[in-house]
**Student:** 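This is the structure I want to talk about, given as structure tokens.
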Amino acid sequence: MDKSDRAANYQKLKAFALNLGFDLFGVADVMGMRGNFLLEPATRDRFGLAVSLGKRLSDAVLDDIADHPTQIYFHHYRQMNFFLDRGAFLIADDIQKQGFGSLAIAASQLIDWDKQKAHLSHKHVGCAAGLGWFGRNNLLVNPELGARFRLVTVLTDMPLEPDAPLDRDCGPCRACAAACPAGAIKDTREAFDHLACYETLKEFRKKGTTTQFICGICVRDCRGPKGQA
Ligand code: SF4
Ligand code: SF4
């Protein structure tokens, strides 16, 4: 097989990812955004593409959430991180075995606690890879899954055909805004109140159900445009 065939590499890697259990696969050209990655410059500049991988959350777990994150959701969240990290590890390993560079980025790992920053934004990569758009709830919204999925990223220099971002938005839907206990979700994503959301997550954490800053309410209520129909 011609290892420089971008379309063939894409299809082979996608089949590998779906076989591992991922539900969403896309490739983003990250040349224009990698300056924001919190990586060593030589590492950052090595990779011009990113594979974005999504896994659907459990409907039963999300539907069990009422007005606060549950123990079941917390457990699911941790299992999801394990799945995402293991999947990204195996995909990065497969790319490396094929003779290309790859770097799996942790699904949920802050490296600048004060600024709440990770190595990169999986959401921005997923958006560039055509897996969804930024919704009013500041999450990535997929046409089929809504916000009911999580993402992980593998950076690579493997020749792959990049996807194009989706030209979509939430339209008239406001389902998440009505449910948010912080009143953080506004009419536009730009007006999203990060601080109000964060303060509410801190309160949930203080109450002791979870040891992480999670909520799940606006994930639960975002089934995407299809789900609201
Ligand atoms: S995570 Fe919770 S508090 Fe934050 S925007 Fe979503 S529903 Fe509101
Ligand atoms: S619930 Fe509706 S408005 Fe909110 S992010 Fe999802 S699609 Fe957009």
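In this text, all values refer to a predicted model and were calculated from it rather than measured experimentally. Read the numbers this way: they start at 1 and go in the same order the structure lists the ligands and their atoms.
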**Student:** If you count the atoms of ligand 2 from 1 in the order shown, which ones are under 4.0 Å from a heavy atom of C170?
**Tutor:**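 Counting from 1, the qualifying ligand atoms are 3 (S), 5 (S), 7 (S), 8 (Fe).
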
**Student:** Would you tell me which option among F213, F192, F204 has the nearest heavy-atom contact to atom 5 (S) of ligand 1?
**Tutor:**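 Answer by nearest heavy atom: F192.
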
**Student:** Are side-chain N/O atoms of R150 and N81 paired as donor and acceptor at under 3.5 Å?
**Tutor:**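 Side chains of R150 and N81: pair found under 3.5 Å.
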
**Student:** Which ligand 1 atoms are under 4.0 Å away from a heavy-atom of C215?
**Tutor:**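 Counting atoms of ligand 1 from 1, those under 4.0 Å from C215 are 1 (S), 2 (Fe), 7 (S).
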
**Student:** On a heavy-atom basis, which atom in C180 and which in I185 lie closest, and how many Å separate them?
**Tutor:**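 Closest approach of C180 to I185, heavy atoms only: CB-CD1, 3.8 Å.
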
**Student:** Tell me: protein heavy atom nearest atom 6 (Fe) of ligand 1, and distance?
**Tutor:**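 Protein heavy atom with the smallest distance to atom 6 (Fe) of ligand 1: C218 SG, 2.3 Å.
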
**Student:** Any idea which atoms of ligand 2 are less than 4.0 Å away from a heavy-atom of V141?
**Tutor:**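 In order of numbering, the contacting atoms are 5 (S).
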
**Student:** Starting from atom 4 (Fe) of ligand 1, locate the nearest protein heavy atom and write down its residue, its atom name and how far away it is, to 0.1 Å.
**Tutor:**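 The closest one turns out to be C197 SG, 2.4 Å.
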
**Student:** Using a 6.0 Å cut-off, check whether atom OH of Y198 has over 12 heavy atoms from anything other than its own residue.
**Tutor:**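 Counting other residues, nucleotides and ligands, OH of Y198 exceeds 12 neighbours.
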
**Student:** Have a look at ligand 2 and work out which part of D221, if any, has a heavy atom under 4.0 Å from it: side chain, backbone, both or neither.
**Tutor:**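 It is the backbone that gets close, since no side chain atom is under 4.0 Å.
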
**Student:** Are R174 and D187 close enough for a salt bridge, meaning some N to O gap below 4.0 Å?
**Tutor:**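 Looking at D187 together with R174, the answer is yes, because their closest N to O distance falls below 4.0 Å.
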
**Student:** Is a donor from one side chain sitting under 3.5 angstrom from an acceptor on the other, for S58 and H76?
**Tutor:**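 Result is no, nothing qualifies.
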
**Student:** At less than 2.8 Å, would any N/O/S atom of C176, backbone or side chain, sit next to atom 8 (Fe) of ligand 2?
**Tutor:**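 Checking atom 8 (Fe) of ligand 2 against C176, no N, O or S atom falls under 2.8 Å.
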
**Student:** Same cluster or not: are L160 and F22 linked, directly or through other Ile, Leu, Val, Met, Phe, Trp or Tyr residues, by side-chain heavy atoms under 4.5 angstrom apart?
**Tutor:**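 Cluster IDs for L160 and F22 match.
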
**Student:** What is the ring orientation for F25 with Y10, classed by angle as parallel under 30°, tilted 30 to 60°, or perpendicular over 60°?
**Tutor:**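 If you compare the ring of F25 with that of Y10, the planes turn out perpendicular.
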
**Student:** In ligand 2, which numbered atoms sit nearer than 4.0 Å to a non-hydrogen atom of C222?
**Tutor:**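 Checking each atom against C222, I get 1 (S), 5 (S), 6 (Fe), 7 (S).
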
**Student:** Using a 4.0 Å heavy-atom threshold (strictly under), name the region of N137 that reaches ligand 2: side chain, backbone, both or neither.
**Tutor:**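 For N137, backbone and side-chain atoms both sit under 4.0 Å from ligand 2.
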
**Student:** What atoms in ligand 1 come closer than 4.0 Å to a heavy atom of C180?
**Tutor:**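 Under 4.0 Å from C180, ligand 1 has these atoms: 3 (S), 5 (S), 7 (S), 8 (Fe).
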
**Student:** Taking the side chain as C-beta and beyond, is there a heavy-atom pair between H194 and N138 under 4.5 Å?
**Tutor:**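 Yes. Closest side-chain heavy atoms under 4.5 Å.
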
